[in-house]
Amino acid sequence: MTRLQHLLFTCVLLLTSSVVLAADHQVSIDFSQSENYVGAQEPFTRMKPDIYSLAYGVTFDRAISLNISYWAGEDEATYPDNDYVLEQESSGGSLSASWYLDAWSLNAVASRSKTENTLTSPSRPAQADQVQKFRELYISADYTWQLGHWDLRPELGMGFQKSESDTRLNIKTANLKQLDTESQEDKGKYVQLGLSLAIWLEQDADWLWQPGVRVIWIDPVSGDGSISQQRSVRMGRFKRKASNASEEDNESDASGYAELSLSLYVDQFSITGYYSHTIDAPPNTETIGLSAGVSF
């Protein structure tokens with residue numbers, strides 16, 4: 001590398017560093033418990049993993065923001081009657097960008113997640129594994145009306161999804177070793193409608209409370225045989241529906257969720273508690289969580 005290239009590289013590095021240092025930064029941590037159900041037929045097994053997440057965001061000139069997040073969780077269920085143990089491990093992450101123009105916001109989120117369910121028994125030689133991988137691109141636009149202390153925000157978006165599922169049955173005995181595998185891949189897209197309402201309550205000069213409610217409705221548009229995943233509450237978590245539904249049945253697969261939240265802002269610190277419940281998505285699930293963040 002020549003001296004001129006070194007100089008140009010140094011100038012670009014200094015310029016980038018100064019831009020980043022001049023931006024607003026946000027770091028947050030989140031803990032939640034989110035229900036999901038495992039099984040090919042009823043009765044399903046109810047899982048409620050503890051999920052931890054970490055997110056970092058940067059906002060430039062209050063016009064453009066970039067965010068990155070990572071989450072992971074696990075849970076375990078036992079079957080005393082037949083001596084089986086079901087373990088679930090999941091993880092995922094997302095990259096998002098938003099552009100703010102007056103009261104408008106244009107958003108794009110790319111996310112990936114992986115969930116592994118393992119069924120074992122200390123008294124049996126068989127082990128069953130199911131690995132689900134999920135990718136999604138979600139694009140949306142929203143508008144915020146400020147009505148005194150109230151914020152009203154409608155949202156319209158579209159999501160594009162792809163899921164892969166691998167199921168393995170591994171049997172090992174003294175005279176037999178058998179491995180059966182089954183793979184499935186699905187693609188689909190959906191339209192999402194949302195409406196949020198929040199109010200700002202001032203405790204004193206430094207304390208601000210914000211209770212809010214949000215309702216989301218998700219309607220599948222198309223799928224490759226079926227839409228096997230539907231976007232749910234937070235962090236790319238999803239519910240699973242029957243995989244043998246036809247594309248024509250997608251109209252009846254619309255569902256949604258409602259969320260209640262309460263946020264407290266003190267100087268540059270914030271803390272938010274939230275509870276959500278699915279709507280018309282049997283078996284219905286719920287999520288409860290708490291997040292804390294700091295801006296600098």
Side-chain angles (χ1 to χ4, degrees), residues 30 32-40 44-55 67-75 86-97 107-119 128-140 157-168 181-192 194 216-245 247 250 253-257 276 278 281 283-287 289:
D30 183 285
S32 65
Q33 289 186 325
S34 182
E35 286 183 318
N36 67 87
Y37 289 85
V38 179
F44 301 112
T45 300
R46 174 179 176 268
M47 307 294 286
K48 198 170 184 178
D50 295 333
I51 298 175
Y52 300 89
S53 67
L54 176 65
N67 294 271
I68 183 172
S69 67
Y70 174 80
W71 61 269
E74 60 182 15
D75 194 17
L86 176 62
E87 297 176 321
Q88 182 180 87
E89 295 183 356
S90 56
S91 62
S94 66
L95 291 171
S96 64
N107 316 284
V109 183
S111 61
R112 303 187 66 170
S113 65
K114 176 182 176 182
T115 300
E116 182 171 3
N117 300 305
T118 304
L119 186 65
D129 296 285
Q130 183 188 51
V131 179
Q132 294 176 317
K133 297 179 180 179
F134 177 65
R135 288 182 289 177
E136 178 184 72
L137 174 64
Y138 179 68
I139 302 172
S140 67
M158 173 166 281
F160 305 86
Q161 305 171 327
K162 180 180 179 180
S163 67
E164 301 174 2
S165 177
D166 294 316
T167 303
R168 301 185 298 270
T181 63
E182 179 182 350
S183 299
Q184 181 179 347
E185 181 177 304
D186 294 298
K187 295 180 181 179
K189 57 178 178 284
Y190 65 89
V191 172
Q192 177 171 306
I216 294 293
W217 192 251
I218 303 167
D219 192 359
V221 175
S222 66
D224 187 6
S226 71
I227 295 180
S228 64
Q229 312 289 353
Q230 290 187 12
R231 190 171 185 264
S232 187
V233 182
R234 286 172 178 256
M235 315 302 288
R237 293 190 287 275
F238 47 85
K239 73 180 186 69
R240 183 163 183 83
K241 77 177 191 67
S243 59
N244 57 355
E247 187 172 335
N250 284 341
D253 292 328
S255 61
Y257 68 89
S276 64
T278 56
N284 287 315
T285 61
E286 63 181 14
T287 296

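In this chain, numbering begins with 1 at the start of the sequence shown. Worth knowing before you read on, the calculation uses all heavy atoms, side chains too, and leaves out hydrogens, waters and symmetry mates.
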Full working for side-chain contact (heavy atoms from CB on, under 4.5 Å) between K162 and D186: CA-CA 6 Å; K162 180 180 179 180; D186 294 298; over 6 Å; no
Does a donor on one side chain sit under 3.5 Å from an acceptor on the other, for [X] and [Y]?
X	Y	value
N117	Q88	yes
Y52	E74	no
Q161	Y138	no

Main-chain N/O of T285 paired to T278 side chain as donor or acceptor, under 3.5 Å: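 At least one qualifying donor-acceptor pair exists.
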Backbone N/O of K48 and side chain of D75: donor-acceptor pair under 3.5 Å: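 Yes.
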As an exercise, state the distance from [atom1] of [X] to [atom2] of [Y], rounded to the nearest 0.5 Å.
X	Y	atom1	atom2	value
M158	D219	CE	CG	10.0 Å
S222	K187	OG	NZ	11.0 Å
F134	T115	CZ	OG1	10.0 Å
R112	L95	CZ	CG	11.0 Å
S140	N107	OG	CG	4.0 Å

Pairwise side-chain contact, [X] with [Y], heavy-atom cut-off 4.5 Å (strictly under):
X	Y	answer
Q33	P49	no
D50	S32	no
Y257	I216	yes

Presence of salt bridge, E164 and K114, under 4.0 angstrom: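 Answer for the salt bridge query: no.
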side-chain contact (heavy atoms from CB on, under 4.5 Å) evaluation trace for D166 with Q130: CA-CA 6 Å; D166 294 316; Q130 183 188 51; over 6 Å; no
Intermediate values then yes/no, side-chain contact (heavy atoms from CB on, under 4.5 Å), Y190 and E136: CA-CA 11 Å; Y190 65 89; E136 178 184 72; 2.8 Å; yes
Atom of S90, atom of W71 and distance for their closest heavy-atom approach: OG-CZ3, 3.5 Å
S34 and T287: CA distance, side-chain angles, deciding distance, side-chain hydrogen bond (donor to acceptor under 3.5 Å, both in side chains) verdict: CA-CA 4 Å; S34 182; T287 296; 2.9 Å; yes
Candidate pair V221 and K189, rule side-chain contact (heavy atoms from CB on, under 4.5 Å), full reasoning: CA-CA 6 Å; V221 175; K189 57 178 178 284; 4.2 Å; yes
For S94, the option from S53, S69, S111 that meets side chain to side chain donor-acceptor pair (under 3.5 Å):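 Exactly one option meets the side chain to side chain donor-acceptor pair (under 3.5 Å) with S94, and it is S69.
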